[in-house]
Visitor: 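Before I ask anything, here is the structure I am working with.
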Number of protein chains: 4
Amino acid sequence: MSSHVHTIRVRYGETDQMAVAHHGAYVDWLEEARIEWLRAKGVSYRDLEKQGILMPVLDVNIFYKRSLRFDDVVEMTTSAEAAGPSRVSFLTTIRLKGDDQICAQAKVSVAAVTLEGKATRVPQHIAKLLNESMT
Amino acid sequence: MSSHVHTIRVRYGETDQMAVAHHGAYVDWLEEARIEWLRAKGVSYRDLEKQGILMPVLDVNIFYKRSLRFDDVVEMTTSAEAAGPSRVSFLTTIRLKGDDQICAQAKVSVAAVTLEGKATRVPQHIAKLLNESMT
Amino acid sequence: MSSHVHTIRVRYGETDQMAVAHHGAYVDWLEEARIEWLRAKGVSYRDLEKQGILMPVLDVNIFYKRSLRFDDVVEMTTSAEAAGPSRVSFLTTIRLKGDDQICAQAKVSVAAVTLEGKATRVPQHIAKLLNESMT
Amino acid sequence: MSSHVHTIRVRYGETDQMAVAHHGAYVDWLEEARIEWLRAKGVSYRDLEKQGILMPVLDVNIFYKRSLRFDDVVEMTTSAEAAGPSRVSFLTTIRLKGDDQICAQAKVSVAAVTLEGKATRVPQHIAKLLNESMT
């Protein structure tokens with residue numbers, strides 16, 4: 001089972017005047033969740049960039065179901081799947097810690113590109129993780 | 001024709017270490033574009049909230065096609081359509097000013113809710129704008 | 001000894017095109033450090049607001065000495081002192097985890113105000129913490 | 001007279017649950033104000049970086065006096081002065097458009113550095129602007 005749970009706490013500056021976490025903050029959390037998914041599998045995204053592979057975002061889809069508030073401890077459960085030879089999609093479910101109800105669901109797809117911005121294959125060691133995650 | 005063009009300039013702090021506008025920044029731009037769409041039609045979102053109608057975001061879908069960079073002048077062309085009695089969807093196309101190529105496309109749906117968070121009908125004067133926009 | 005160490009990791013979206021953490025990100029980290037200083041002393045800032053005390057920021061002073069980068073683990077050592085009957089100043093030193101060199105130093109002062117925005121005394125249980133911290 | 005006025009409008013996502021502009025947002029506005037100060041004098045900061053000069057921030061000092069709110073139109077009046085051979089300080093006063101009362105005051109100092117991060121002289125054409133601004 002290849003999903004990974006990453007926990008964050010809602011920052012004060014991430015709230016807006018509706019007194020909930022602003023919808024834009026989720027994008028930053030999701031990015032952190034993807035990087036921690038990789039780390040949990042033994043991959044440092046920082047090193048990946050040093051090795052010449054960037055993974056820019058192709059699309060972001062977020063569905064907001066229940067508000068989150070300042071100081072809430074938020075659990076993000078992320079899995080990943082191949083979405084083509086040079087693409088990976090990350091699926092994240094967001095819940096309040098200790099609560100089963102889904103607060104948000106997201107899919108974010110990233111491309112593997114070289115430093116020059118040319119599409120390239122997802123590195124083998126990452127592709128392998130994606131295959132595992134589907135079995 | 002009910003679409004509205006809103007222009008922003010990419011802030012330095014909106015870039016990331018890929019030297020392009022971070023994908024999260026678009027969420028803030030799109031919010032500004034929605035508010036300016038309303039303003040162009042004579043609706044102040046600030047006043048709407050004072051009158052007791054909030055419009056929280058239900059979902060965000062963004063497709064990134066070409067990178068934007070620091071200091072780029074960015075044109076966002078936004079239209080809106082009814083998506084149910086208490087929902088509005090905003091469609092935005094993002095381009096570099098003076099260039100026809102699409103850099104990103106987005107759909108963001110918002111709900112009309114009361115201050116207590118209960119779904120309510122989209123106010124008549126806004127619903128009317130949406131009907132106009134479809135003819 | 002009343003200082004508290006809070007650790008964060010630099011988010012990708014917090015970098016800018018200089019490939020370092022953008023200077024604005026520190027403001028959010030410092031806010032998190034203040035809230036965690038309070039929590040470590042038994043005070044929930046969330047509850048404080050519910051009890052009708054807000055602590056808006058009066059001034060921010062940050063001196064940047066060494067850059068921080070994506071994925072860096074950053075230690076913020078924070079102490080607090082009374083700065084008048086309705087003011088508290090938080091002093092934070094920022095270092096890379098496991099490294100003695102100072103990367104940034106900051107002082108942020110906050111006011112105690114009522115929900116109506118009127119200055120009020122720093123609550124006793126917090127004032128007490130500040131006195132302790134000076135002995 | 002070398003001060004420059006740059007106007008922004010407070011974004012929704014820049015508010016926090018106190019229903020005012022979050023203190024961190026000012027840092028991004030001030031950066032925009034510095035860049036527009038330069039542009040008004042004929043200097044493109046984007047080009048400056050392409051020519052190999054970066055201007056990272058050395059220190060930020062902001063004093064918050066009156067809150068700003070969502071949708072407020074905010075005027076930032078910025079001037080600049082030499083602060084050493086490789087340093088410039090920008091002084092900005094923030095007001096609501098059409099109102100004389102000061103909402104915030106800030107000083108931000110930047111260094112001139114090479115792409116390798118070595119301190120270098122402030123380029124002549126910028127240094128010249130600073131001298132002018134003091135006469």
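Chain A is the first sequence line, chain B the second, and so forth, proteins listed ahead of strands; every chain is numbered from 1.
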Visitor: Check each atom of D/Glu31 against the heavy atoms of chain C and say whether the ones under 4.5 Å are side chain, backbone, both or neither.
Guide: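 The side chain, not the backbone.
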
Visitor: Side chain, backbone, both or neither: which part of C/Gln17 has a non-hydrogen atom closer than 4.5 Å to chain D?
Guide: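 Side chain only.
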
Visitor: Is D/Gln51 atom CD crowded by more than 12 heavy atoms from other residues, nucleotides or ligands, each under 6.0 Å away?
Guide: yes

Visitor: Working to the nearest 0.5 angstrom, can you tell me the gap between D/Asp16 CG and C/Leu54 CG?
Guide: 9.5 Å

Visitor: Below 4.5 Å, heavy atoms only, C-beta onward: do C/Phe63 and D/Asp59 meet side chain to side chain?
Guide: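 Touching, per the 4.5 Å side-chain cut-off.
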
Visitor: Looking only at heavy atoms and a cut-off of under 4.5 Å, which of C/Ala104, C/Gly24, C/Pro56 has the most pairs with chain D?
Guide: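 The answer is C/Pro56.
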
Visitor: Would you say that more than 12 heavy atoms from the other residues, nucleotides or ligands in this model lie under 6.0 Å from the CZ of C/Arg87, or not?
Guide: no

Visitor: For each of C/Lys65, C/Glu49, C/His23, tally heavy-atom pairs with chain D at distances under 4.5 Å, and name the one with the top tally.
Guide: C/His23

Visitor: Are side-chain heavy atoms of C/Asp28 and D/His22 found at a separation under 4.5 Å?
Guide: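 Yes. Closest side-chain heavy atoms under 4.5 Å.
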
Visitor: Is there side-chain contact between C/Tyr64 and D/Val60, with heavy atoms separated by less than 4.5 Å?
Guide: yes

